[in-house]
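These values consider heavy atoms only, across backbone and side chains, with no hydrogens, waters or symmetry-generated copies. Here is how names work: the chains are called A, B, and so on, in the same order as the sequence lines, proteins then strands, and each is numbered from 1.
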There are 2 protein chains.
Amino acid sequence: MTAPSARPRRRADAERSIARIVSAARTLLSADPSATTDDIARAAGVGRMTVYGHFRTRADLVEAALRDAIRAGDETLAAVDLAGDARGAVTRLLASSWEVVAESAALLAAAAEVLPAGRVHELHAEPVRRMTELISSGRDQGVFRADLPVGWLVSVVQYILHGAAEEVRAGRLASEEAADTVTKSVLSVLTG
Amino acid sequence: MTAPSARPRRRADAERSIARIVSAARTLLSADPSATTDDIARAAGVGRMTVYGHFRTRADLVEAALRDAIRAGDETLAAVDLAGDARGAVTRLLASSWEVVAESAALLAAAAEVLPAGRVHELHAEPVRRMTELISSGRDQGVFRADLPVGWLVSVVQYILHGAAEEVRAGRLASEEAADTVTKSVLSVLTG
DNA sequence: TGTAACTCGTACTACCATGTATGAGCTTTC
DNA sequence: GAAAGCTCATACATGGTAGTACGAGTTACA
């Protein structure tokens, strides 16, 4: 969905508009999940009608924004060195994930509201795959526990990450300490 | 707020209506956080106007429902034996918390949407106090870790609990295994 | 340079929920 | 049994957003 590359060609100005709209959507929805289509159009410096020209529904737009955020986050994650000791790899991965997750918490909430159940989860396939692989390999190394399903462990990591973002947002956790706190907590769960 | 016992007297039928409305609100909002005031009135077997007679705004109603759920949950928790070994106490506490949390996840979402920031957290003061005390005592016993703040540990427990509820709801975790899985995960984080 | 693609203002429809107003009729309670 | 309290139907005012329709003007591109 959301205008894939199926269209044979698209004019350069359209391409530009779409990029600006998606970018604005990411920014606004990350600050306030109930930002309206009109707000987003304004922020993108574009008429509301132009938005509807590229995204049939609000849901389409939100999904595009989430896709973009996930893609960007995944690029960051892809740059993390996962070789060697699984414990160190997790630490490095979390140090990067932390920011991505904290930034997009509100956007995620917006998506959960508008998109059909399970869609949000589907869109996370890539980062989930990455984390699953890492945990599996740690388990093979005998470093991580084997008494809980990998899928659950991956989920717990996500929930802790989001929880920390929420605590920081609410001012109950200093943001400088967040990464360290998250890492310690996650490693405890993973090693058992 | 929400009609405390400040009012000198209230007629018996009004008392009855309020009880039915709050109960219906809890049930409906726990299934669908966007249930309308009208839905709730219907389910309570009461006219919509009667609801507005007791709760000025939707937010008031949602808060009353959440209060009631927390109070009921807290009663369950109060029955848990917290004496002796902190590890065992946590295990028992989680076995009970699990159901409470899983049931009210949607209600919580409704409250988060409608109530001012921080209000939901305030309303949880009692269960949070309970958990804080337990973790502190475990720390004094030397059983739980001391390298992370108690407040954070309490939060993590909540996030894991809610996460598990979500996983069960999405069909990614069998509900029979949930309690055990949660317990193992939480104990890992607490012991470090 | 002509045509197709794109932009975008204005205006409008449709929908839906909250909350208010009014008033007739039924219960409690003293 | 009367006053005060409560119920609740109908009707209405409000406010806000999504999405549609139309059409004139602008820009890209071959």
Engineer: So does B:H54 get a side-chain nitrogen or oxygen closer than 4.0 Å to the phosphate oxygens (OP1/OP2) of D:dT7?
Structural biologist: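 Yes, because at least one side-chain N or O of B:H54 sits under 4.0 Å from OP1 or OP2 of D:dT7.
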
Engineer: Could you state the CZ-P distance from B:R58 to C:dC16, rounded to the nearest angstrom?
Structural biologist: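 My rounded result for the distance is 16 Å.
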
Engineer: Given atom CG of A:L61 and atom C1' of D:dG19, what is their separation to the nearest angstrom?
Structural biologist: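 Going from A:L61 (CG) to D:dG19 (C1'), I get 13 Å.
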
Engineer: Tell me which pairs pass side-chain hydrogen bond (donor to acceptor under 3.5 Å, both in side chains) where either residue lies in residues 132-141 of chain B, with sequence neighbours left out.
Structural biologist: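 Listed by first then second residue: B:R129-B:E133.
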
Engineer: Side chains of residues 148-156 of chain A: which donor-acceptor pairs under 3.5 Å do they make with residues two or more places apart or in other chains?
Structural biologist:
unit_1	atom_1	unit_2	atom_2	d
A:W152	NE1	B:S185	OG	2.9
A:S155	OG	A:G151	O	3.1
A:S155	OG	B:E167	OE1	3.1

Engineer: What is the distance, to the nearest angstrom, from the CD atom on A:E15 to the P atom on C:dT7?
Structural biologist: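 Roughly 11 Å, once rounded to whole Å.
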
Engineer: Side-chain N or O of A:T37 versus OP1/OP2 of D:dA18: is the shortest distance under 4.0 Å?
Structural biologist: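 A:T37 to D:dA18 OP1/OP2: side-chain N or O found under 4.0 Å.
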
Engineer: Over how many whole Å does the gap from B:I18 atom CD1 to D:dG5 atom C1' extend?
Structural biologist: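 After rounding, the gap between these two atoms is 12 Å.
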
Engineer: Can you check each nucleotide of nucleotides 23-30 of chain C against protein heavy atoms at under 4.0 Å and return B for base, S for sugar-phosphate only, - for none, in 5' to 3' order?
Structural biologist: ----BSS-

Engineer: Between D:dT17 atom P and A:L29 atom CG, what is the distance in whole Å?
Structural biologist: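 Answer to the nearest Å: 14 Å.
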
Engineer: Go through residues 39-53 of chain B and report each residue with a non-hydrogen atom lying under 4.0 Å from DNA chain D, sorted by number.
Structural biologist: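 Correct list: B:V46, B:G47, B:R48, B:M49, B:T50.
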
Engineer: Scan A:V90, A:L93, A:T91 and name whichever one has a side-chain contact (heavy atoms from CB on, under 4.5 Å) with A:T183.
Structural biologist: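 That would be A:T91.
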
Engineer: Residues two or more places apart in sequence or in another chain: which of them pass side chain to side chain donor-acceptor pair (under 3.5 Å) with A:T191?
Structural biologist: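 A:T191: no side chain to side chain donor-acceptor pair (under 3.5 Å) contacts found.
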
Engineer: For A:S17 and for B:A35, find the nucleotide of DNA chain C with the closest heavy atom, then tell me which residue's nucleotide is more 5'.
Structural biologist: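 First, find each residue's nearest nucleotide; the 5'-ward one identifies A:S17.
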
Engineer: Are the side chain of A:R20 and the backbone N or O of A:A44 linked by a donor-acceptor pair below 3.5 Å?
Structural biologist: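 Yes; judged by distance alone, with no hydrogens or angles, the pair exists.
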
Engineer: Any salt bridge (Lys or Arg N to Asp or Glu O under 4.0 Å) pairs touching residues 151-160 of chain B, not counting sequence neighbours?
Structural biologist: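 Matches after skipping sequence neighbours: none remain.
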
Engineer: Any Lys/Arg nitrogen of B:D13 or B:R16 sitting under 4.0 Å from an Asp/Glu carboxylate oxygen of the other?
Structural biologist: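 Result for this pair is no, no salt bridge flagged.
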
Engineer: A:D38 CG to D:dG16 C1': how many Å, rounded?
Structural biologist: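 It is 12 Å, rounded to the nearest whole Å.
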
Engineer: Between A:T57 (side chain) and A:D60 (backbone), is there a donor-acceptor pair under 3.5 Å?
Structural biologist: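 Judged by distance alone, yes, a pair lies under 3.5 Å.
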
Engineer: Can B:R11 and B:E15 be counted as an ion pair, charged N to O under 4.0 angstrom?
Structural biologist: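 Looking at B:E15 together with B:R11, the answer is no, because their closest N to O distance does not fall below 4.0 Å.
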
